[in-house]
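A, B, ... follow the sequence lines: proteins, then strands. Residue 1 opens every chain.
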Protein chains: 2
Amino acid sequence: MTEDVRIAEIAALVGDPTRVNILAALMGGRALTASELVYAAGVSPQTTSGHLAKLADGRLIACVKQGRHRYYRIATPRVAEMLEGIMAVAVDAPARHRPRSKLDDAMSNARTCYDHFAGKLGVGLTDVLATRGHIVLADEGGEVTESGAAFFGKFGVDLAAAHSRRRIFCRPCLDWTERRPHLGGSVGAALAQRCFDLGWLERARDSRALSITKAGQRGLSETFGLSL
Amino acid sequence: MTEDVRIAEIAALVGDPTRVNILAALMGGRALTASELVYAAGVSPQTTSGHLAKLADGRLIACVKQGRHRYYRIATPRVAEMLEGIMAVAVDAPARHRPRSKLDDAMSNARTCYDHFAGKLGVGLTDVLATRGHIVLADEGGEVTESGAAFFGKFGVDLAAAHSRRRIFCRPCLDWTERRPHLGGSVGAALAQRCFDLGWLERARDSRALSITKAGQRGLSETFGLSL
DNA sequence: TTGAAACTACGGTCGTGGCCGAAGCATCCC
DNA sequence: GGGATGCTTCGGCCACGACCGTAGTTTCAA
């Protein structure tokens with residue numbers, strides 16, 4: 001059963017704390033240079049380089065050269081989903097000895113999760129959309145309703161571009177700070193992109209955290225009734 | 001970031017070929033004794049016992065004592081989903097040196113994938129249901145249509161029991177032999193259960209493979225137009 | 001009570017792999 | 001060209017963990 005070996009290889013790649021640091025940083029959705037990842041990994045440049053080579057060899061991350069920089073990113077959405085799946089299991093495992101690390105407020109407030117929003121922002125948006133009947137979420141999937149399609153259209157999110165099919169599904173993604181699902185998948189990605197385009201949010205320099213701009217404060221309040 | 005460590009712990013548990021053998025065996029959906037898992041693992045009883053203890057400690061598997069036997073099973077559906085996610089990544093990684101192991105025909109023909117069908121049977125059923133408009137599948141999710149709900153009802157699958165909500169979603173699960181999605185989630189599980197109840201399929205003794213009974217041949221042909 | 005089966009705990013061996021220091025390419029800037 | 005920056009390769013050290021042999025505990029049957 002040689003498939004099993006391949007599965008173990010993939011899992012073993014994720015099974016190292018240093019590499020998880022790297023992958024977690026890349027789950028911010030941006031491509032990062034090796035130097036930036038050295039910081040995220042918390043080990044020497046040589047060691048980081050070795051880890052990056054392993055991850056790239058296993059096709060978990062991809063690399064593009066640009067001048068003397070090398071930008072690394074999560075290879076495919078499927079890899080991102082796999083990581084989300086592992087996180088979901090890691091989160092709902094009982095306390096053990098997790099001293100509830102007080103990760104900074106910005107991070108738990110708003111951050112990116114590969115290509116969509118997470119944290120209080122992500123969960124808040126999802127709640128509002130569900131309450132207003134724009135989306136329907138269940139454990140295994142979700143769907144954008146007719147009113148939702150209209151709303152997204154008016155908001156400037158082009159769902160048709162993301163989906164050639166008639167029905168628009170969306171994937172719930174378990175939030176590891178809020179421990180509740182938030183909107184993921186292509187719909188979540190499109191929504192996030194639109195918010196960036198509107199200038200409502202800005203990425204922090206060395207973190208997955210997001211800062212909400214003045215325009216964002218106003219926009220989120222007016223459009224979604226959210227104040228963060 | 002102590003969450004990262006927990007993620008690495010989980011992944012590291014899956015990152016050992018022997019433990020993958022064990023988990024893969026348990027992905028058949030049945031609870032198995034330690035002895036049976038010794039066979040699946042391919043190592044000594046002592047070593048297997050150690051692995052089982054680690055997996056149980058990490059909450060990936062659960063154990064119930066019954067007489068002098070200990071039955072192990074996948075702990076939660078979420079763990080099963082995580083494993084499916086890892087498999088999906090392992091599968092779509094390019095060839096490398098995978099000598100296309102000719103796993104026995106029975107296995108690729110019909111097998112269980114945690115709680116639903118996979119292999120030619122799983123993919124075939126899914127195709128038929130989709131073609132007839134009983135389900136709609138997309139990359140990120142799926143849904144049972146009205147005609148589908150009627151069909152399942154007539155077939156004896158009680159979808160209402162599985163879902164209190166109005167809409168019935170279903171999860172596509174990437175098949176690692178067929179490399180195409182098959183019907184997973186609660187709908188897939190309910191469908192599989194009904195087929196077992198009808199006596200259409202029987203589990204093999206020491207494998208995830210399924211054998212199709214005479215009644216199953218007839219039933220699958222009449223109801224779904226499938227001949228395997 | 002004796003024996004067998006199922007399973008686990010302990011102790012020791014050994015290989016894999018993470019880590020860093022030193023050194024080597026590649027690219028950019030002055 | 002010279003030097004700095006970005007990143008990788010090489011070599012050696014060390015620890016973690018997978019493995020098995022031996023031995024122990026629990027459960028069942030006779």
Side-chain angles (χ1 to χ4, degrees), chain A residues 1 4-26 30-58 60-73 97 205-206, chain B residues 1 4-26 30-58 60-73 97 205-206:
Chain A
M1 206 67 60
D4 292 4
V5 175
R6 175 80 189 143
I7 294 172
E9 277 175 18
I10 299 289
L13 281 175
V14 189
D16 177 86
T18 304
R19 283 194 290 264
V20 169
N21 286 336
I22 292 172
L23 291 169
L26 291 176
R30 268 186 308 183
L32 300 174
T33 67
S35 305
E36 292 171 307
L37 290 171
V38 164
Y39 177 78
V43 293
S44 71
Q46 313 92 291
T47 303
T48 304
S49 177
H51 284 306
L52 290 174
K54 281 195 173 72
L55 289 170
D57 188 53
L60 296 191
I61 64 177
C63 175
V64 294
K65 291 182 65 170
Q66 205 165 94
R68 58 178 164 182
H69 293 283
R70 293 200 181 185
Y71 283 88
Y72 289 92
R73 61 173 174 80
H97 47 89
R205 266 186 43 74
D206 284 329
Chain B
M1 206 67 62
D4 291 5
V5 175
R6 175 83 189 141
I7 294 171
E9 278 176 17
I10 299 290
L13 281 175
V14 188
D16 177 86
T18 304
R19 283 193 292 263
V20 169
N21 286 337
I22 293 172
L23 291 169
L26 291 175
R30 268 186 308 182
L32 299 174
T33 65
S35 304
E36 291 172 307
L37 291 171
V38 165
Y39 177 78
V43 292
S44 72
Q46 313 90 297
T47 303
T48 304
S49 177
H51 284 306
L52 291 174
K54 281 196 173 74
L55 288 170
D57 189 55
L60 296 192
I61 64 177
C63 176
V64 295
K65 290 181 65 170
Q66 206 167 94
R68 56 180 164 180
H69 292 284
R70 296 202 179 184
Y71 282 88
Y72 290 92
R73 60 173 174 80
H97 48 88
R205 266 186 42 75
D206 285 329

(request) Quick one: label Thr48(A) by what it contacts on the DNA or RNA (base, sugar-phosphate, nothing), any heavy atom closer than 4.0 Å. (result) nothing
(request) May I have the distance from Arg19(A) (atom CZ) to dT16(C) (atom C1'), rounded to whole angstrom? (result) 12 Å
(message) Rounded to whole Å, please give me the gap between NZ in Lys54(B) and P in dG17(D).
(response) 7 Å
(message) Check whether Arg19(B) reaches the backbone of Ala12(B) with its side chain - one donor and one acceptor, N or O, closer than 3.5 Å.
(response) yes
(message) Without decimals, in angstroms, what is the distance between Glu36(A) CD and dG6(D) P?
(response) 10 Å
(request) Walk me through it: do Leu32(A) and Ile22(A) pass the test side chain to side chain contact (heavy atoms under 4.5 Å, CB included)? (result) CA-CA 10 Å; Leu32(A) 300 174; Ile22(A) 292 172; over 6 Å; no
(request) Measure the shortest side-chain to side-chain distance between Asp57(B) and Leu13(B) over non-hydrogen atoms and say whether it is less than 4.5 angstrom. (result) no
(request) Please determine if a side-chain N or O atom of Thr18(A) lies less than 4.0 Å away from the OP1 or OP2 oxygen of dG18(C). (result) no
(message) Of the options dA18(D), dG18(C), dT8(C), whose atoms approach the side-chain atoms of Asp16(B) most closely?
(response) dA18(D)
(request) Between dC20(C), dT8(C), dT8(D), spot the one nearest the side chain of Ala34(A), thanks. (result) dT8(D)
(request) Have a look at Tyr72(A) and say if it touches a base, only the backbone sugar-phosphate, or nothing, with a 4.0 Å heavy-atom cut-off. (result) sugar-phosphate
(request) Check Tyr72(B) against Ala34(B) and note the closest heavy-atom contact, atom names and distance. (result) CE1-CB, 4.1 Å
(request) Report the nucleotide, chosen from dC20(C), dC19(D), dT8(D), that has the shortest atom-to-atom distance to any side-chain atom of Val43(B). (result) dC19(D)
(message) Nearest to the Thr47(B) side chain among dT8(C), dT8(D), dC20(D), which nucleotide is it?
(response) dC20(D)
(message) If you compare every side-chain N and O of Arg70(B) against the phosphate oxygens of dT8(C) (OP1, OP2), does one of them come in below 4.0 Å?
(response) yes
(request) Compare the minimum distances between each of dG18(C), dC20(C), dT5(D) and the side chain of Arg68(A), then state the nucleotide with the smallest one. (result) dT5(D)
(request) Please determine if a side-chain N or O atom of Lys65(A) lies less than 4.0 Å away from the OP1 or OP2 oxygen of dG6(D). (result) no
(request) Nearest whole angstrom, please: distance from the P of dA18(D) to the CG of Leu55(B). (result) 10 Å
(request) Rounded to the nearest angstrom, tell me the gap between atom NE2 in His51(B) and atom P in dG17(D). (result) 12 Å
(request) For Gln46(B) and dT22(D), give me the distance from atom CD to atom P, rounded to whole Å. (result) 10 Å
(request) Specify the separation, in whole Å, of atom CG of Asp57(B) and atom C1' of dG17(D). (result) 15 Å
(request) May I have the distance from Leu13(A) (atom CG) to dG17(C) (atom P), rounded to whole angstrom? (result) 10 Å
(message) Within the structure provided, determine whether Thr48(B) and Thr18(B) are in side-chain contact (heavy-atom separation under 4.5 Å).
(response) no
(message) Quick check on DNA chain C: between Leu52(B) and Gly67(A), whose nearest nucleotide comes earlier from the 5' end?
(response) Leu52(B)
